[in-house]
Amino acid sequence: MKNDTLKTLVKGGAIWGFIILELAFFEIAGRFWSLSDSAFMDLDNMLLLLKQSAPIGIIAVGMTVIMINGNIDLSVGATYALAGIVMLDSMNWPFMEAMGDGAIPLAWAFALLTGCVLGFINGMVVWKTGVDAFIVTLGAMLGYRGLVFMYNGEQPTYHLNWTMVDIAEAQVLGLQTPAIVFLGVVLIVWLVMTRTIHGRNAYAIGDNREAAVNAGIRVGPHFVLNFVLIGFLAALSAVAFYSGSGSVNPNDGMLFELWAITAVVLGGTKLTGGRGSVIGTLGGVVAIQLLRKGLGHIGADSETVNLVIGTILIVVLFLDRQLNRKGAGELKV
């Protein structure tokens, strides 16, 4: 029992220890190699980091729930782009234009509804066909991205509403709206996963689906609800970001699913389901953003950033496998 407790503490605290090492390294290295005079751990820099983490972070929280459940969703990037297009394009519809700024909540609602519908489709297909979620959402990723290009061709979708921009850039204690939304999502989903029957069922299904069915858990509807959740969060991420930018490119959101999965895995969620933490995912998102920002701070190019993050992910997966091995014989394979 003591060994299990120690192992849990090590896994839960590892990502935060890594973040501390990142902060220390980039703060020291920045004094020698940075082209900027500002300190890496400057408060404004850290607050900006949270804002920049929000688009991937909000999606990663939903991905955590899906992966704890034993599934995966590769369509979130396309859902993100399509929800953003619907939100901005709807502001140009005649009846919406006639409403002025009163149309803003309705535009947000259209975007969120889009995400929910796409997530519902994914969940129903996984449930009713029994096809693995990886295959279903891989097809959905291609299909939804096709809808993105069909919607407005290959042209960006524009609509800059200054009231919407003001809302997106509003600050509370130095945190802008996207960062506040991100932290709010982390808190709410953490409470759902740790304090509700739905959360406990998610872990049970991911750990042993057959046993969960035998225990009377309605696995199919549970899957659908979680796919609706991640679709909603992908759309919420688009709302938080595009309300301020006012422009959606058809290629936006590409590779978001991979970045989200990377953050979730770095945060300690098991790829095969049954174990994971929303708080750990928060750490994974922050760790990735720190790496990207820190390496840029000392002059590294984007290729180096991707190489470093990819290498770290492989090492984390290897260590996770060692910590979870069934017996010593696995080490010899």
Side-chain angles (χ1 to χ4, degrees), residues 56 59-82 114-148 189 193 198-235 253-278 280-281 284 310 313-314 316-318 320-321 324 326 330:
I56 297 293
I59 294 173
V61 171
M63 190 70 75
T64 304
V65 178
I66 288 289
M67 289 175 62
I68 287 172
N69 223 177
N71 291 311
I72 203 163
D73 190 346
L74 302 178
S75 68
V76 288
T79 299
Y80 169 88
L82 188 57
T114 298
C116 290
V117 169
L118 298 183
F120 178 78
I121 292 171
N122 288 343
M124 288 298 291
V125 173
V126 170
W127 176 21
K128 295 299 183 181
T129 66
V131 177
D132 189 85
F134 179 91
I135 302 300
V136 171
T137 58
L138 178 63
M141 175 182 71
L142 299 174
Y144 297 163
R145 184 63 64 178
L147 290 176
V148 168
V189 177
M193 296 301 290
H198 181 82
R200 291 194 290 273
N201 287 348
Y203 284 99
I205 293 169
D207 187 54
N208 191 322
R209 189 175 301 182
E210 185 177 346
V213 172
N214 292 335
I217 298 174
R218 300 187 64 203
V219 173
H222 183 89
F223 281 173
V224 174
L225 185 57
N226 285 335
F227 274 105
V228 170
L229 173 64
I230 194 170
F232 173 85
L233 290 178
M254 283 190 174
L255 299 183
F256 270 29
E257 54 281 335
L258 299 185
W259 285 112
I261 292 168
T262 301
V264 173
V265 172
L266 285 177
T269 296
K270 198 173 177 182
L271 278 169
T272 53
R275 196 196 76 212
S277 163
V278 172
T281 294
L313 178 61
I314 293 171
V316 167
L317 290 173
F318 173 76
D320 181 73
R321 184 173 184 268
N324 289 284
K326 299 296 184 181
E330 278 197 30

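All residue numbers refer to positions in the sequence shown, counting from 1.
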- Query: Do the side chains of W127 and V219 get nearer than 4.5 Å, heavy atoms only?
  - Reply: no

- Just wondering, do M254 and R145 contact through their side chains at under 4.5 Å, heavy atoms? yes

- Provide the full list of side chain to side chain donor-acceptor pair (under 3.5 Å) pairs with a residue in residues 202-219, sequence neighbours left out, each pair given once. none

- Task: Search all heavy atoms of A235 against all heavy atoms of G115 and return the closest pair with its distance.
- Result: CB-CA, 3.9 Å

- What pairs with N122 under side-chain hydrogen bond (donor to acceptor under 3.5 Å, both in side chains), at least two apart in sequence or on another chain? S75, Y144

- Task: Supply the atom-to-atom distance I68 CD1 to T272 OG1, rounded to the nearest 0.5 angstrom.
- Result: 11.5 Å

- Report the distance from atom CG of L233 to atom CD1 of I59, rounding to the nearest 0.5 Å. 8.5 Å

- Task: Decide yes or no for I72 and M63: does some side-chain heavy atom of the first lie under 4.5 Å from some side-chain heavy atom of the second?
- Result: yes

- Could you state the interatomic distance from CG (L142) to CG (L147), rounded to the nearest 0.5 Å? 11.5 Å

- T64 and T281: side chain donor to acceptor below 3.5 Å: yes

- Item | Distance (rounded to the nearest 0.5 Å) between T137 OG1 and D73 CG | 5.0 Å

- Residues I261, V265; criterion side chain to side chain contact (heavy atoms under 4.5 Å, CB included); working and verdict: CA-CA 6 Å; I261 292 168; V265 172; 4.2 Å; yes

- Task: Decide yes or no on side chain to side chain contact (heavy atoms under 4.5 Å, CB included) for V125 and V131, but give the supporting numbers first.
- Result: CA-CA 8 Å; V125 173; V131 177; 5.7 Å; no

- Check the pair T114, L82 against side chain to side chain contact (heavy atoms under 4.5 Å, CB included), reporting the backbone distance first and the verdict last. CA-CA 8 Å; T114 298; L82 188 57; 4.2 Å; yes

- Message: Taking the side chain as everything from C-beta on, heavy atoms only, tell me whether F223 gets closer than 4.5 Å to I205.
- Response: yes

- Task: Using the side chain to side chain contact (heavy atoms under 4.5 Å, CB included) rule, take K270 and M67 through it: C-alpha gap first, then chi angles, then the decisive distance, then the call.
- Result: CA-CA 7 Å; K270 198 173 177 182; M67 289 175 62; over 6 Å; no

- Taking only residues two or more places apart in sequence or in another chain, which ones pass side-chain hydrogen bond (donor to acceptor under 3.5 Å, both in side chains) with N226? N69, H198, H222

- I217 and A204 have their tightest heavy-atom pair at CD1-CB, 4.1 Å

- Note on the structure: Between N71 and A133 the two heavy atoms that sit nearest each other are OD1-CB, 3.6 Å

- Query: If you round to the nearest 0.5 Å, how far is CD1 of I121 from OG1 of T79?
  - Reply: 9.5 Å

